[in-house]
Amino acid sequence: MSTQGRCGTHSGRRWQTWALMLSALLLGCQNEPANIESSISAYRDRMLVQHQETPPESEPAAPPRQPVARPIPEQSELPPRSSLMTQPATESQPAPEAILAELADPTEAPQVFERRLERLRRDQAQRQDQHVVRNFERVVEQANEYLKLVGTRQDDPASRRPQVHLSLAECAQRALANSYTIRIEAHNPAISETQIVEAEAAFDAEFFLDTSWANLDQATASTFVPGTSDQRTIAGGFRKLLPTGMVASISTGLSRSKNSLPQQYQTLNPAFSTNLVGELRQPLLRGFGLGVNRAQINIRKIEHQISVEVFAQRVRDTLLTVEQAYWQLAQARRRATIYAESTAQNLITYRNMQDRLGHDATQVEVSNSEARWKTSYVAYLEYVKLIRDAEDQLKNVLNDPTFKLSEDVEIIPTETPLVAPIVLDHFAEVRTALDRRSEIRQAKERIHATRINTLVAKNAILPNLEASFRYEVQGIGRTADNSFDNLTTNRFISYTLGASFSYSFGERAARAAHRRARLQESQAVVSLNQATDQVVTEVNNSIRTLMVRYTQLPPSLESVQAAERNLRALQARTQRIDPNYLQTELGAVEQLASTRNTLLSVLLGYNVGIVELEKAKGTLLDYNNVVVSDAQPKR
């Protein structure tokens, strides 16, 4: 097995190319089934009509060249149409640095906190009272202490966990090489390949050998009929089923017979006889034709193709699961940074209330701030636990033997979330999905298989009419050698032509089987329509989600910035502490953490949405530069 790494057009990732291999070599030939494009063509035609209904705008003097969506090679008869471009509904594009600065990984948190502190010092430089800066300095120090919990062992908090830095490309490569799901599914194409060989074996030539010995002692009513006899026979030959349904056979036999008749009544006793027989038996109605007799081979080949498509689908699902687990880990780590700062801010507020107790703070404010700090600390410990859960989930998806679930290793994602906008051609994305999704290909192949079953079931209704031809050459002699020599003279030649006919009145069983096959074919067509609807729905939802997530980025960032300004403004006030003021400040701390968490969810949802769109289109393997090809398994 080999794979290729990602060189994604959206994220700019550079991966080393490698191919994912499995043993899936098709044997024999297969009749080309009829194309099934009615449902997919209906979707394309409907989208084309809807697009044509849009009134064209007046052309300017120098019109720009519009993007064109061209049909796929299998649908070359369709005319090209202007692309239905979809882009984020936002005018302002946030700077990626501004977004990522609010969502730091624990390994980057000290540097990010320091930059925030420097920015706060510049903003507060004109103020005489620098207690806001001093307060944030204490917050930064305490937040860094809290973040040490991310890298410490649970059984020994004094020791650090070993760190492993993983990129998204490396995670995908490890999953493709070690995933249990892929390895299990990779056996199915090879298993279905053996079923093809089984079906083709029905046309293998067969050697047969028959022998018998009969020692008879029978009562007779005539002296001319022997009462005792000894007969020994051996015969062997070859027979083969042909694709038309004909059974051809050729055989030769030798027999020795001896009886109790007196010598004057017979010339040879014992007598040796030899024969050479060629026989052809051809069904003319039921069981006649290539389509009927090769039906099982063609069905097994279709099942093999379906297993290959299912395998590719499992690879795509695994890649999507890897990316989702990777970004979930990145989200859990960045969320821990957010709430480490929030918890540290609550702790510093609690300590400030203790320092001002008896001056302008009462025990009410002290207890309130203490309760808020303890509550946030409990929540922070839960977020640290979620990091370890996400690490185990990623390791469980990778199934890499170097990352054992029993080992406590800190996995640090190194991939930077993508912030750049993406412009999509909605019509082209749907067209690509209808052409590339494995579910649609599987549904088409199942229709081909049901049509073959319908053909076989229809043939089974016909009467059984069989023609036969037998050619035989005989020889006889006192010895086996004499008998064979006599055979070669071609003196005794026989021809036999025959026909057999049978018909079951009503053919109830055959007609019921034919009706069942037709219903299954109709069911498969409906399944194709269902799969088509599901694919189009997934693409529409993925595009919609992707556009909405990017549109949410600017207001989410502005919300974070506004919440931070609100908190600093509250902290800059020097009025007397009272419960309302304290409640407002503590609420501002929670609001800042909540807005950052929302921004984090939107950003990582946007990155996951890109991959989900590629999966919905059926192009996730191309997006990751992964190739599925046939190869012999490694010994």
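Keep in mind it's a predicted model, so treat the numbers as computed, not measured.
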Report yes or no: do [X] and [Y] form a side-chain donor-acceptor pair below 3.5 Å?
X: Gln324; Y: Thr321; value: no
X: Gln313; Y: Glu439; value: yes
X: Asn541; Y: Arg544; value: yes
X: Gln442; Y: Glu309; value: no
X: Thr337; Y: Arg596; value: no
X: Arg314; Y: Asn188; value: no

Partners passing side-chain contact (heavy atoms from CB on, under 4.5 Å) against Thr107 (at least two apart in sequence or in another chain): Asp105, Arg333, Ile412
With sequence neighbours left out, what residues match [X] under ring pair (Phe, Tyr, Trp, His ring centres under 6.0 Å)?
X: Tyr380; answer: Tyr146
X: Phe403; answer: none
X: Phe136; answer: none

Glu429: partners by salt bridge (charged side-chain N to carboxylate O under 4.0 Å, His left out), with sequence neighbours left out: Lys617
Set of salt bridge (charged side-chain N to carboxylate O under 4.0 Å, His left out) partners for Arg549, sequence neighbours left out: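 Expected list: none.
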Electrostatic pair Arg122:Glu118 at N-O distance under 4.0 angstrom: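 So Arg122 does not pair with Glu118 through a salt bridge.
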Salt bridge flag under 4.0 Å for residues Arg134 and Glu137: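 Salt bridge between Arg134 and Glu137, a charged N being under 4.0 Å from a carboxylate O: no.
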With sequence neighbours left out, what residues match [X] under side-chain hydrogen bond (donor to acceptor under 3.5 Å, both in side chains)?
X: Gln142; answer: none
X: Arg119; answer: Glu564
X: Asp622; answer: Arg436
X: Ser601; answer: Gln331

Contacts table for residues 384-392: side-chain donor-acceptor under 3.5 angstrom, sequence neighbours left out:
from, atom 1, to, atom 2, distance (Å)
Lys385, NZ, Asp389, OD2, 2.5
Arg388, NH2, Thr152, O, 2.3
Glu391, OE1, Arg161, NH1, 2.8
Glu391, OE2, Arg161, NH2, 3.2
Glu391, OE2, Ile411, N, 3.3

Listed once per pair and sorted, the salt bridge (Lys or Arg N to Asp or Glu O under 4.0 Å) pairs that draw on residues 369-380, sequence neighbours left out: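 Residue pairs with at least one partner in residues 369-380: Arg372-Glu590.
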